[in-house]
Structure formats: C-alpha cells, structure tokens
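Read through the structure below, which is laid out as structure tokens, and then see the notes.
Start at 1 and go down the list; that is how both ligands and their atoms are numbered. These numbers were taken from a predicted model, which means no experiment stands behind them.
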Amino acid sequence: MASILPYQIEPESDPDISNDEEGQAESLQARLLMDVSECIIFCSGTIMPNQRLEDHRCVHLKNMGSKKLLQKSHYCTISAKARVISDETRAVGLLNLTGNQSKHSAFQKTQDVIDHKQSNNSNSPKYGNKKLPNALIVGVKKGGTRAVLEFIRIHPDVRALGTEPHFFDRNYDKGLDWYR
Ligand SMILES: Nc1ncnc2c1ncn2[C@@H]1O[C@H](COP(=O)(O)OS(=O)(=O)O)[C@@H](OP(=O)(O)O)[C@H]1O
C-alpha cells in the first residue's frame, strides 16, 4: 500500500516523547524508507511556468532516451495547438477579463507579466526555481505507488518528478542541494 506523506525537512520534536522512543521511531522510519518507491510532488508555478518553457520540457523529455520515466507530463501528450488554446484559456482565467478583449491579448499580457517577472529576477534559474517537494509518495515495492502518483498528477497544479530519485535509500549522502 502506498501513502502520501507531507514533506518536512526538520520535524519538530515532541517533548512528550523520550529520546529512546524518538530513536525507535527514527529507526522504524529509516527501515521503511529503505524499501520505498518514492515519487516527488511539486506545486505548479515554480517549475516551467509558461508555454515556451513547457514546450522546452516536452523536447527534453523526448530526448530522455531509454531512461525510465514514470509518466510524461499531460501537457506534452496534447498537440502544440491544443497547448496554445489551453494556455490562452488559463490566461483568460488569470486576468479575469471582461468585454471585448480577445483571448490572444489576454495570453500576450500574461506572457508579458511572466517575462517581466523573470527579467526582474536575474538570480533565478532559467527554467524555474528548484525546490524541495511538498509531499512524498511512500510505499513498499509493488505497493501501487505509481498508480497513486498517476492519479494525483492529473491535477493541473501538481508537478511530479519523472524518475524515482531514491534520495533516502541511495542518495542521502549527496544532501539537500542534490535533492532539489
Ligand atoms: N488499485 C490497484 N489494485 C491492485 N493492484 C494495483 C492497483 N494499482 C496498481 N496495482 C499494481 O501494483 C503494482 C505496481 O506497484 P508499484 O507502482 O508500487 O510498482 S513499483 O514497485 O514501483 O515498480 C502492479 O502490479 P504488477 O502488475 O503485478 O506489477 C499494479 O498492477
């Protein structure tokens, strides 16, 4: 069985739990994590925030070769034309336009706002800020973690990593900078 865990880097310790009990809990957690298939979920808006960047990601995914992916972004499975319409629709919603302003001008304005924000923040990486996940899907092998991820990532506000990072069992020593 797979579970979704909210991700917190520094859990606050409970004063009611003794050091011994805390140690046992940590050891149990460590053992659980040794066996997990883990997937990472991000909120949208931090990664690939506009159509041009989403397109870039689709190209990147096509070039992944034989690397195992959990699933391509839904965004990449629809035609380029449909992507434009989808983004225009989103732009209309975002700007809450009324009257005779066209969808095209709404989309253009949204692009301008995004471009302006990016040009004002020269320190941020080109394709969105790297960040730690908001939630992890944890489960034993063959416990259905992939199915849980596939259902959750249908939501448009969810961004999930393509491959399982195996941070806790194989790459923990590399630290949080690697994990981001
Ligand atoms: N809802 C539901 N009910 C019953 N079984 C289900 C369900 N969802 C996924 N599955 C089965 O779970 C298997 C895949 O689990 P995982 O995604 O955890 O696999 S993996 O360990 O990450 O490779 C995989 O089993 P196998 O086909 O035997 O490999 C899926 O068929």
Side-chain angles (χ1 to χ4, degrees), residues 1-14 17 20-80 82-83 85-87 89-90 124-180:
M1 184 183 155
S3 312
I4 303 168
L5 303 178
Y7 183 66
Q8 190 181 0
I9 303 176
E10 292 171 9
E12 287 172 21
S13 58
D14 185 340
I17 298 179
D20 208 32
E21 283 170 320
E22 264 184 87
Q24 282 176 9
E26 277 174 17
S27 138
L28 184 64
Q29 195 179 22
R31 261 182 282 146
L32 172 68
L33 290 171
M34 288 297 285
D35 282 339
V36 299
S37 302
E38 84 186 79
C39 310
I40 298 187
I41 300 174
F42 299 93
C43 287
S44 73
T46 55
I47 297 177
M48 311 304 173
N50 68 27
Q51 188 217 339
R52 279 175 294 164
L53 300 183
E54 289 282 6
D55 284 340
H56 173 88
R57 179 164 63 144
C58 296
V59 172
H60 178 69
L61 286 170
K62 274 185 208 154
N63 296 334
M64 290 291 279
S66 58
K67 196 166 183 183
K68 183 185 171 193
L69 295 176
L70 289 176
Q71 184 202 312
K72 272 196 303 190
S73 160
H74 169 68
Y75 194 89
C76 303
T77 64
I78 58 177
S79 71
R83 286 204 288 268
I85 293 168
S86 155
D87 283 336
T89 310
R90 217 180 322 154
S124 60
K126 196 176 178 187
Y127 299 119
N129 294 320
K130 291 180 169 187
K131 59 175 286 187
L132 291 167
N134 297 101
L136 304 177
I137 299 175
V138 175
V140 293
K141 251 194 172 330
K142 296 290 173 190
T145 45
R146 181 174 173 157
V148 172
L149 174 66
E150 301 303 327
F151 281 117
I152 290 174
R153 76 186 314 162
I154 291 170
H155 194 285
D157 288 347
V158 169
R159 288 287 182 275
L161 200 64
T163 52
E164 296 180 6
H166 286 281
F167 175 65
F168 292 100
D169 54 349
R170 296 181 196 163
N171 296 303
Y172 195 76
D173 291 345
K174 294 178 182 168
L176 290 174
D177 280 344
W178 178 90
Y179 194 27
R180 263 180 243 271

G143 to ligand 1, any heavy atom closer than 4.0 Å: yes

Ignoring hydrogens and geometry, is there a side-chain-to-backbone donor-acceptor pair from R153 to A160 under 3.5 Å? yes

Are the side chains of V138 and T145 in contact, using a 4.5 Å heavy-atom criterion? no

Out of E164, K142, R146, who is nearest to atom 17 (O) of ligand 1 when you count heavy atoms only? R146

Please check if the side chain of N171 supplies one atom and the backbone of Y179 the other of a donor-acceptor pair under 3.5 Å. no

Quick one: are L176 and F167 in side-chain contact, heavy atoms under 4.5 Å? yes

Taking only heavy atoms of T145, which atoms of ligand 1 are found under 4.0 Å from at least one of them? 16 (P), 17 (O), 18 (O), 22 (O)

Enumerated ligand 1 atoms positioned under 4.0 Å from heavy atoms of A147: 8 (N), 9 (C)

